[in-house]
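Just so we're clear, the structure is a prediction, and the values are computed from it rather than from any experiment. Each residue takes its place number in the sequence, starting with 1.
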Amino acid sequence: MKRNLLFTATLAGALLSGCATQSSNNFQAFQPEDLNSLVKSGKLVQKTNSFFVINDSSSSMSRTYVNSADYSGTKLDVEKNLLNKFNKSIPVMPLTSGLRSFGFGPCLSWGSTYLNQAVQNYTQAGFETAITSLQCSSGGTPLATALSESGKDITSAPGNIALIVLSDGIEEVSPLPTAEALKSQYGDKLCIYTVWVGNDQDVAGQAVLQDLANASGCGFSTTAEAITSAKGMSDFVKNVFLKAGTPKVADCSTQDDDKDGVSNCADKCPDTPKGAIVDKDGCWAFRGLLFDFDKSDVKAKYGPLIQNAVEVMKMNPGLTIEIQGHTDSYGKDAYNQKLSERRANAVKAELIKQGVEGKRLTAVGFGESKPVDTNETDEGRAYNRRVEYKRTDR
């Protein structure tokens, strides 16, 4: 009789614990979408400060996952791959994290739920260690117990909390009352997100997970298939942690994209090539190389400007430029057109003389059509009798 009782007890324990099935820590290759630029720009802002994962490590997760050709292995293997992708997709921001698994038997130190990672400051490496601690799956599915224990775990979690449940949803006892109690305890601080990792025969469990998400009023339920791709996981991470923000407006007064010493706010020529001497408007040789009335010869005093142009061409081997000649409004249009062309060609000749390849230079005249100052004063007309450089490699 004693032998029969002992056999019965042993059999019952075996059935309760289930056979422990080991899991692999060989994750799929995964290249996440980079969300950091969206966070840095302010287009997305943080809304969640802590996350806590509840992972189903019961015996049903030992079954082969057949709902996708993307995975080979058990449902537990799929959960771990999803958590790995999730971990790699989280942008840089201050967070706390934790992880608890549930089932029964040796995988959970012979308890019904196990704290794999207590709430702590989040790091990608630290959470990866928590993921790899999910060694195997066995036993029943006490999700309600795991939810109850998680309610104690997250008491130290700061700010808004995301409770993330991965499971096939096949439960012995409805976890909904426990989820509702958690929501009552934490209020608007807590949102529940569920991920269904199940096969077709587990479809009833999908509704269970949907009910859990609905109980929080601010979470949602999704599936393994929906978040396995880089985009799917990126969208999941954005919805859990982030919300739309107001993009930061760059202060142009502190920026100088072409590094010519003139801020972006004041720079009228924002693509000045490296090394160019510029005026107060950030333009290369703008109002710099001027001509006497009705003349096209380059004065000796402008030698430094010519030499600078030669140096700039050397420093920027892919640079090509258009040399633009201009006149004041005195004289006939046709004459001024020819005069402006002579001025442009005179500067071109000087540059070629000093070693610049002619094929990198184009000379164009604009006559009196583009004044930069008034033609009513001597000073204004002097500024209009000029040559400008315009880069043509962009």
Side-chain angles (χ1 to χ4, degrees), residues 20 22-23 25 27 46-58 61 76-77 79-167 175 178-179 181-195 197 209 212-213 215-216 218-219 236-237 240-241:
Q22 297 297 315
S23 174
N25 283 326
F27 301 126
Q46 186 174 357
K47 69 174 183 179
T48 300
N49 310 99
S50 306
F51 71 92
F52 194 88
V53 172
I54 302 177
N55 193 78
D56 190 344
S57 295
S58 66
M61 306 312 286
L76 178 61
D77 291 330
E79 288 178 313
K80 292 173 67 174
N81 268 287
L82 290 173
L83 287 173
N84 177 61
K85 293 177 179 182
F86 172 74
N87 190 35
K88 289 185 174 182
S89 299
I90 297 173
V92 177
M93 55 186 176
L95 285 169
T96 62
S97 65
L99 189 149
R100 178 175 284 277
S101 53
F102 63 92
F104 194 79
C107 303
L108 295 98
S109 299
W110 296 99
S112 59
T113 179
Y114 181 77
L115 183 60
N116 299 76
Q117 184 191 72
V119 170
Q120 58 188 256
N121 290 333
Y122 167 77
T123 65
Q124 189 177 96
F127 195 68
E128 182 177 346
T129 299
I131 297 168
T132 57
S133 73
L134 299 168
Q135 294 291 334
C136 59
S137 51
S138 61
T141 314
L143 176 53
T145 303
L147 284 168
S148 180
E149 291 301 310
S150 296
K152 302 172 188 176
D153 298 327
I154 61 177
T155 53
S156 62
N160 294 327
I161 305 167
L163 196 63
I164 303 170
V165 180
L166 287 83
S167 175
T178 310
L182 275 178
K183 183 62 179 179
S184 178
Q185 178 183 355
Y186 286 94
D188 291 340
K189 286 183 58 177
L190 181 71
C191 291
I192 301 175
Y193 304 87
T194 62
V195 181
V197 186
L209 297 184
L212 291 184
S216 72
C218 54
F236 180 72
V237 168
V240 170
F241 293 108

Donor-acceptor contact present, side-chain Ser148 to main-chain Thr145, <3.5 Å: no
Result of checking Phe127, Phe52, Tyr114 against Leu99 for side chain to side chain contact (heavy atoms under 4.5 Å, CB included): Phe127
For Met61 against Asp56, the heavy-atom pair lying closest together: CG-O, 3.2 Å
Short side-chain to backbone donor-acceptor contact, Asn55 and Ser101, under 3.5 Å: no
Smallest separation among heavy atoms of Lys152 and Thr155, with atom names: O-OG1, 2.9 Å
Residue from Leu134, Asn116, Leu83 passing side chain to side chain contact (heavy atoms under 4.5 Å, CB included) with Val53: Leu83
Distance-minimising heavy-atom pair for Ile131 and Asn84: CD1-N, 3.8 Å
Least distance between heavy atoms, Lys189 atom then Ala157 atom: NZ-O, 4.0 Å
Residue pair Pro142 / Thr113, side-chain heavy-atom distance below 4.5 Å: no
Gln124/Ile90 under side chain to side chain contact (heavy atoms under 4.5 Å, CB included): CA gap, chis, key distance, verdict: CA-CA 8 Å; Gln124 189 177 96; Ile90 297 173; over 6 Å; no
Side-chain donor/acceptor of Asn81 to backbone N/O of Asp77, under 3.5 Å: yes
Nearest-0.5 Å distance that lies between atom CD1 in Ile164 and atom CZ in Phe236: 5.0 Å
Closest heavy-atom pair and its distance - Ala146, Phe102: CB-CB, 3.7 Å
Separation of Leu190 CG from Ile192 CD1 (nearest 0.5 Å): 5.0 Å
Check: Asn160 main-chain N/O paired with Asn49 side-chain donor or acceptor under 3.5 Å: yes
Check: Thr141 main-chain N/O paired with Ser58 side-chain donor or acceptor under 3.5 Å: no
Partner of Leu163 under side chain to side chain contact (heavy atoms under 4.5 Å, CB included), chosen from Ile54, Leu212, Thr194: Ile54
Rounded distance [0.5 Å steps], OG in Ser137 versus CD in Glu79: 8.5 Å
Main-chain N/O of Pro94 paired to Gln46 side chain as donor or acceptor, under 3.5 Å: yes
CD1 on Ile161 to OG1 on Thr96, rounded to 0.5 Å: 7.5 Å
Check: Phe51 ring centroid to Tyr193 ring centroid under 6.0 Å: no
Side-chain donor-acceptor pair present, Ser97, Gln117, cut-off under 3.5 Å: yes
Closest heavy-atom pair and its distance - Val240, Lys47: O-CE, 3.4 Å
Polar side-chain atom of Ser138 near backbone of Phe104 as donor-acceptor pair, under 3.5 Å: yes
Lys183 side chain vs Ser216 backbone, donor-acceptor pair below 3.5 Å: yes
From CG (Leu115) to OG (Ser150), nearest 0.5 Å: 8.0 Å
Nearest-0.5 Å distance that lies between atom NZ in Lys80 and atom OG in Ser57: 8.5 Å
